[in-house]
**Student:** 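First, the structure itself, so that you have it in front of you.
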Amino acid sequence: MTDNKIMNIAKKRGFLWSSFEIYSGSAGFFDYGPLGAILKNNIIEKWRDCFITREGFYEIESPTIMPEEALKASGHVDHFTDPMTECKDCMEVYRADHIIEGAIDKEVEGLEDQRLTEILSENQIRCPKCGGHLTHVWSYNLMFQTLIGTKGKKTGYMRPETAQGIFIPFKRLLRFFRGKLPFGVVQIGKAYRNEISPRQGVIRLREFTQAEAEIFVAPSMKNHPKFANFADDTLRLFSAENQLNKSGSKKTNAGKAVKDGTISSEILTYQLCLAARFLNDIGIPSDVIRFRQHLPTEMAHYAIDCWDVEVETDRFGWIEIIGIADRTDFDLKSHSIHSKEDLSVFIEYDEPRSITTLGVKPDMKKFGPSFKGAAPKILAAINDLDVSDIQTAFNKDGVFKLELEGNFYELSPDIISFEKHEEIIRGEKVIPHVIEPSYGIDRIIYSVLLHSYIENEDRTYLKLEKQIAPIGISVFPLVNKDDLVEIAHSIRDEFRNQGIIAEYDGSGTIGRRYARADEIGVPFAVTVDHETLENQTVTIRNRDDLKQVRVPIKDIYSVLINLINGRLEFENI
RNA sequence: GCGGUUGUAGUCUAGUCUGGUUAGGACUUGGGCCUUCCAAGCCUACGACCCGGGUUCAAAUCCCGGCAGCCGCACCA
């Protein structure tokens, strides 16, 4: 299995280690070793290049510990849980709602634990395995709880996603973006979920890294000005419909998917395309990627359309590495209600709209004396009424009877007239919708390693993209002669001065050194040989095809910098 | 969380059943020799019985508990 091989290399060569090993470890935690940490940084740098530099989004950083109120508002305190029940006899643990739905075919999602417990006993539902009695239902919350402050009065949680840290300072962000939609804000960082039983290596971690973008848009503006750039991209879509009728994924082009409504909006589709291009850029080819739409039943409570980007793996099958959701106004609305802050945006219409309304115009000279002290109250009351009700009453009875605090007042046409007035409306306040691409960095790193692994009769190597490979260049003396060693060292040092991570290796034979470099995906090797002493040239070896070219030492720095950043192809040296 | 199963250097493994000398080998890694381009060879060094308790004169080996890995079940807003 490639999984096995790549995880062995990852462990041996310092990409990934399970954490706390000398204390016998703890499931769901991984260390990034020396090469893993560089690889991760390089991938995150690529992501920043994609979302910040090219898309024009801005990054923020918020705390990983959040007070309870914030996560109460987001719904995580109450809903990021599973209702559990346990068989008293065989100790089997179940999801209570699944047991009930299986036993009595009734939709019980969202009911409280107490109610679920009652349903269990009312219907005499027993353990499906042994028929034993089930315990009362309890909520297992996947968040790590902690205490904030010395007195420990305030409950806090480790954040289960970075997204909330973006929603909460929305007012500040809106001001930063000078009040105009759309805008995008990203956050890269750790998130925490206390998984019940994480057992899939780096695929299900209790502490993991997310890179999320929250793109705030006007609800009515879900097109994308640059969509034309992506409209011809091919996407392999596995729509909800195709999942339900078991017809498999289908390749289609992005423009078509928007037109036929497979994907709910242009802007969501844009993010799908962006994800595909990003993955291609870091070395995950399109033929191992598909986009799977959430089924209506699995869609999170906050989303109206959600697509997982999945990568094919030999060990786990298709795994989700990115989720791209239209979260609508769910989060902002909820934070707005809980915090009592106005989290809406004033959206100006292209053209001001004028609307004509019919208003009540009392003749105050008569109105005041008629009602005396009650006049202000009556005035307020009629302003709240539907004008047409008064009109109808006038037409029918010639008078409108108003009941107010037990008193009746008669309004007649001689004191009330009607007036049309025109109002100019320049826009409206709306709570923005949020388009959220959420990248699971650890899973992406695993996918990159997995799909970079190449094994053939002659050798095994990691075909890491040159821009993300942890080590850019290996420098070798062909043989361990002092003069060659010395030159190799100085070349290595100069690469470092030029900002490239370079390593020297003089151990074993030249073949072994190439093999060692190949195993960790070093894209290029520079070899100092006998000819170097004669004419000041060295060879540059290309990892992927083993080809070598001879280049003067003075040129190798610019040549390799250009090779690594993609401005120069190896064949054109 | 439940059941099964397995834990010996960085990796793979012998030894465990049947307790007994200094835990053996291969690969890897470090140093050296050799070597003029793809894991060669030679010399040399470093490196291990998952943790804790118990039984015993003596435990890698037997027993109990824990932890971790793997497999199955369950779980994965």
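Every chain is numbered from 1, with letters handed out A, B, ... down the list of sequences.
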**Student:** Find the distance Q200(A):CD to A74(B):P and express it as a whole number of Å.
**Tutor:**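 Answer to the nearest Å: 14 Å.
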**Student:** With A191(A), which residues qualify under side-chain contact (heavy atoms from CB on, under 4.5 Å), at least two apart?
**Tutor:** F208(A), Q210(A)
**Student:** In whole Å, measure the gap between the P atoms of U5(B) and G10(B) for me.
**Tutor:** 28 Å
**Student:** Examine R290(A) relative to W318(A) and say whether NZ or CZ is less than 6.0 Å from the centre of the six-membered ring and inside a 45° cone about the ring axis.
**Tutor:** yes
**Student:** Starting from the 5' end of RNA chain B, give me the residue, R193(A) or D505(A), whose nearest nucleotide shows up first.
**Tutor:** D505(A)
**Student:** Run the salt bridge (Lys or Arg N to Asp or Glu O under 4.0 Å) check on R550(A) and D529(A) step by step: do they pass?
**Tutor:** CA-CA 11 Å; R550(A) 187 163 279 280; D529(A) 59 18; 2.5 Å; yes
**Student:** Going by the rule side-chain contact (heavy atoms from CB on, under 4.5 Å), which residues pair with A517(A) if we only count those two or more places apart in sequence or in a different chain?
**Tutor:** S474(A), F476(A), V522(A)
**Student:** Take atom C1' in U6(B) and the same atom in G66(B), then report the distance between them in whole Å.
**Tutor:**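 Here U6(B) and G66(B) have their C1' atoms 16 Å from each other.
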**Student:** To the nearest angstrom, how far is R315(A) atom CZ from G69(B) atom C1'?
**Tutor:** 10 Å
**Student:** Determine the interatomic distance between C1' on C50(B) and the same-named atom on C67(B); round to the nearest Å.
**Tutor:**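 Roughly 8 Å separates the two C1' atoms.
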**Student:** In whole Å, what separates the P atom of A45(B) from that of C51(B)?
**Tutor:** 27 Å
**Student:** Hey, mind stepping through E503(A) and R496(A) against salt bridge (Lys or Arg N to Asp or Glu O under 4.0 Å) and telling me if it holds?
**Tutor:** CA-CA 9 Å; E503(A) 280 297 346; R496(A) 290 178 171 180; 3.4 Å; yes
**Student:** Looking at C12(B), which nucleotide sits across from it as a Watson-Crick or G-U wobble partner, both distances under 3.5 angstrom, or is there none?
**Tutor:** G25(B)
**Student:** Please report the distance separating the P of G52(B) from the corresponding atom of U16(B), rounded so that it comes out in whole Å.
**Tutor:** 24 Å
**Student:** Residues from residues 60-71 of chain A sitting under 4.0 Å of RNA chain B, heavy atoms only?
**Tutor:**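 Those residues: none at all.
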**Student:** Quick one: does L237(A)'s side chain get under 4.5 Å of W307(A)'s, heavy atoms only?
**Tutor:** yes
**Student:** Between R204(A) (CZ) and A74(B) (P), how many Å, whole number?
**Tutor:** 13 Å
**Student:** Send over the distance from F29(A) CZ to A68(B) C1', rounded to a whole Å.
**Tutor:**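 These atoms are roughly 14 Å apart.
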**Student:** Would you call I556(A) and E494(A) a side-chain contact if the rule is heavy atoms closer than 4.5 Å?
**Tutor:**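 In short, these two side chains do not touch, never coming nearer than 4.5 Å.
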**Student:** With a 4.5 Å limit on heavy-atom distance, are the side chains of V485(A) and Y504(A) in contact?
**Tutor:** yes
**Student:** Counting only non-hydrogen atoms, which of residues 2-17 of chain A are less than 4.0 Å from RNA chain B?
**Tutor:** none
**Student:** Please name the nucleotide paired to C62(B) by Watson-Crick or G-U wobble geometry with both distances under 3.5 Å, or report none.
**Tutor:**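 Pair assignment: C62(B) / G54(B).
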**Student:** Is R541(A) close enough and on-axis enough to Y514(A), meaning under 6.0 Å and within 45°, for cation-pi?
**Tutor:** yes
**Student:** Can you find a pair of side-chain heavy atoms, one from F170(A) and one from P432(A), that are under 4.5 Å apart?
**Tutor:** yes
**Student:** With C1' as the reference atom in both, quote the distance from G15(B) to U8(B) in angstrom, rounded to an integer.
**Tutor:**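 G15(B) and U8(B) have their C1' atoms separated by 9 Å.
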**Student:** According to the Watson-Crick and G-U wobble definitions, with both distances under 3.5 Å, which nucleotide is paired to C70(B)?
**Tutor:** G4(B)
**Student:** Do you know which of E161(A), E207(A), E61(A) makes salt bridge (charged side-chain N to carboxylate O under 4.0 Å, His left out) with K190(A)?
**Tutor:** E207(A)
**Student:** Distance between the C1' atoms of A48(B) and A60(B), in whole angstroms?
**Tutor:** 10 Å
**Student:** Starting at the 5' end of nucleotides 32-41 of chain B, put B wherever the base has a protein heavy atom under 4.0 Å, S where only the sugar-phosphate does, and a dash everywhere else.
**Tutor:** ---BBBBBB-
**Student:** Is there a donor-acceptor pair closer than 3.5 Å between any side-chain N or O of E212(A) and the backbone N or O of E436(A)?
**Tutor:**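 No; judged by distance alone, with no hydrogens or angles, the pair does not exist.
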**Student:** Please give, in whole Å, the distance from G1(B) P to N194(A) CG?
**Tutor:**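 Going from CG in N194(A) over to P in G1(B) covers 10 Å.
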**Student:** Measure the distance from CG on N141(A) to P on C75(B) and round it to the nearest whole Å.
**Tutor:** 18 Å
**Student:** Quick one: salt bridge (Lys or Arg N to Asp or Glu O under 4.0 Å) partners of E571(A), sequence neighbours excluded?
**Tutor:** none
**Student:** Partner lookup for G41(B), please. Criteria are Watson-Crick or G-U wobble with both distances under 3.5 angstrom; report none if nothing qualifies.
**Tutor:** C33(B)
**Student:** Would you measure the distance from the P atom in U44(B) across to the matching atom in C62(B) and give it in whole Å?
**Tutor:**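 36 Å, rounded to whole Å.
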**Student:** Is G19(B) paired to anything, Watson-Crick or G-U wobble with both distances less than 3.5 Å, and if yes, which nucleotide?
**Tutor:**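 Pair assignment: G19(B) / none.
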